[in-house]
Colleague: 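So that we are looking at the same thing, I have put the structure below in structure tokens.
First the proteins, then the strands, lettered A, B, ... as listed; each starts at 1.
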Number of protein chains: 2
Amino acid sequence: MKNYEQVLVALRRVIRATDLHSKRLSKHAGLTGPQLLIMRTIRDLGEVTIGTIAENVSLSQATVTTILDRLELRKLVYRVRSTKDKRKVHAHLTEDGADLLARAPNPLQEDFIEKFQNLAEWEQTMILASLQRVANMMNADDIDASPLLTVGSVLKDDGWKEKS
Amino acid sequence: MKNYEQVLVALRRVIRATDLHSKRLSKHAGLTGPQLLIMRTIRDLGEVTIGTIAENVSLSQATVTTILDRLELRKLVYRVRSTKDKRKVHAHLTEDGADLLARAPNPLQEDFIEKFQNLAEWEQTMILASLQRVANMMNADDIDASPLLTVGSVLKDDGWKEKS
DNA sequence: CTTATACCTCTAATTATTAGAGGTCTTTGC
DNA sequence: GCAAAGACCTCTAATAATTAGAGGTATAAG
């Protein structure tokens, strides 16, 4: 399994669904969960458009826009309109933003990627499937508890239901 | 009749419909008809958005955008994105643009407004109705020649068909 | 515990830009 | 003169970001 990004997305969905994002993270460095999430996305992906951020953190463009407004007000990020396509806007971290982010704790993602990649492939697949199952359960209106996971079913089935 | 703008719009439509805009004006000052039209709109209306320009010259926003691109390339206009509403963009004339526009002949609009306002109201109404009739005829696929203008009908009927 | 404040989040509407296609006019080469 | 090329003009449809408006949650203050 090459892309651990799916795992991260699944993790984020679990975090949001369980309200960890707000209760656990809001104190640290004065940033809320979504704010941290977005700032990390900007740092990790480099020159990103609003749309790309939204896609990566599973939020609407409108939501990302308003959160960026607040971050920009605090001089933690800034926007640059693309010259090649003037519809697009790139978000960047300011130096202050990068500093703050570096000091902010990241209990969930800290060297997670490195460790995850050292796992056996079948184990990675199993973990991903489990996370997806949890995330789907959180977001589902009617929780269907019947289909139990088996290693066999996991290895066959790659996709997972998108958020309703 | 307070607004002579309707008369100007009607005039512009006649000009476009008869291709005067390109044949007669394109030589002067190196500007084409639509370019002149748009630059005058910017000068006369002050801080205008793209949408307002489009409305005033009866062109689509997309068309105004591309024409402004060419004018901006020649440093005759510049754009400023509104800080109050970041969707909006204001167009301005550069000094070069204002100079060029001042030297450009304006055979159709030169002190037209002042003279027009000195006419009697019924006469203004009559002229507007006539222009609208001509403009509508130009744009109509099937020209209906039957209804002749009368002073009575003109004074009653205020609206006119929008361009199809 | 209630109220106020500050976030988060969404959908729908708005504004500008771009893509793509088709048209006209002017210039250039023959 | 005439054909071809290049530069405009113009539109509709698609795309990107923002805003408006409404509803929800969490934190702070009394």
Colleague: Please confirm whether the shortest side-chain N or O distance from A:Thr65 to OP1 or OP2 of D:dT18 is below 4.0 Å.
Modeller: yes
Colleague: Taking OP1 and OP2 of D:dT10, is either one under 4.0 Å from a side-chain nitrogen or oxygen of B:Gln61?
Modeller: no
Colleague: Is any NZ, NE, NH1 or NH2 atom of the basic residue among A:Asp69 and B:Lys86 found under 4.0 Å from an Asp or Glu carboxylate oxygen of the other?
Modeller: yes
Colleague: Which whole-number value in Å describes the distance from A:Arg87 CZ to D:dT18 P?
Modeller: 14 Å
Colleague: Whole-Å distance between C:dA16 P and B:His90 NE2?
Modeller: 9 Å
Colleague: Strictly below 4.0 Å: does B:Arg81 bring a side-chain N or O up to OP1 or OP2 of C:dT15?
Modeller: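 For C:dT15, OP1/OP2 do not have a side-chain N/O of B:Arg81 under 4.0 Å.
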Colleague: Taking only the side-chain heavy atoms of B:Lys86 (C-beta and beyond), determine which of C:dA16, D:dT19, D:dT10 contains the nearest atom.
Modeller: D:dT19
Colleague: Does C:dT9 have OP1 or OP2 under 4.0 Å away from a side-chain N or O of A:Ser60?
Modeller: no
Colleague: Of the nucleotides C:dT9, D:dT18, C:dA16, which one has an atom closest to the side chain of A:Arg70?
Modeller: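 Nearest nucleotide to the side chain: C:dT9.
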Colleague: Please pick, from C:dA16, C:dT11, C:dA19, the nucleotide with the shortest atom-to-atom distance to any side-chain atom of B:Ala62.
Modeller: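 So the nucleotide nearest the side chain must be C:dA19.
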Colleague: Reckon B:Thr66 has a side-chain N or O less than 4.0 Å from the OP1 or OP2 of D:dT10?
Modeller: no
Colleague: Any side-chain N or O of B:Arg79 under 4.0 Å from OP1/OP2 of C:dT17?
Modeller: yes
Colleague: Could you tell me whether A:Thr49 contacts a base, only the sugar-phosphate backbone, or nothing, with contacts defined as non-hydrogen atoms closer than 4.0 Å?
Modeller: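 Sugar-phosphate, no base atom in range.
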Colleague: OP1 or OP2 of D:dC11 versus the side-chain N and O atoms of B:Thr63: is any pair under 4.0 Å?
Modeller: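 So the side chain of B:Thr63 is within the cut-off, an N or O lying under 4.0 Å from OP1 or OP2 of D:dC11.
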Colleague: Please give, in whole Å, the distance from C:dT18 P to A:Lys84 NZ?
Modeller: 12 Å
Colleague: Tell me which one of A:Leu36, A:Thr52, A:Val64, A:Val57 satisfies side chain to side chain contact (heavy atoms under 4.5 Å, CB included) with A:Thr41.
Modeller: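 Testing each of A:Leu36, A:Thr52, A:Val64, A:Val57 against A:Thr41, the sole residue satisfying side chain to side chain contact (heavy atoms under 4.5 Å, CB included) is A:Val57.
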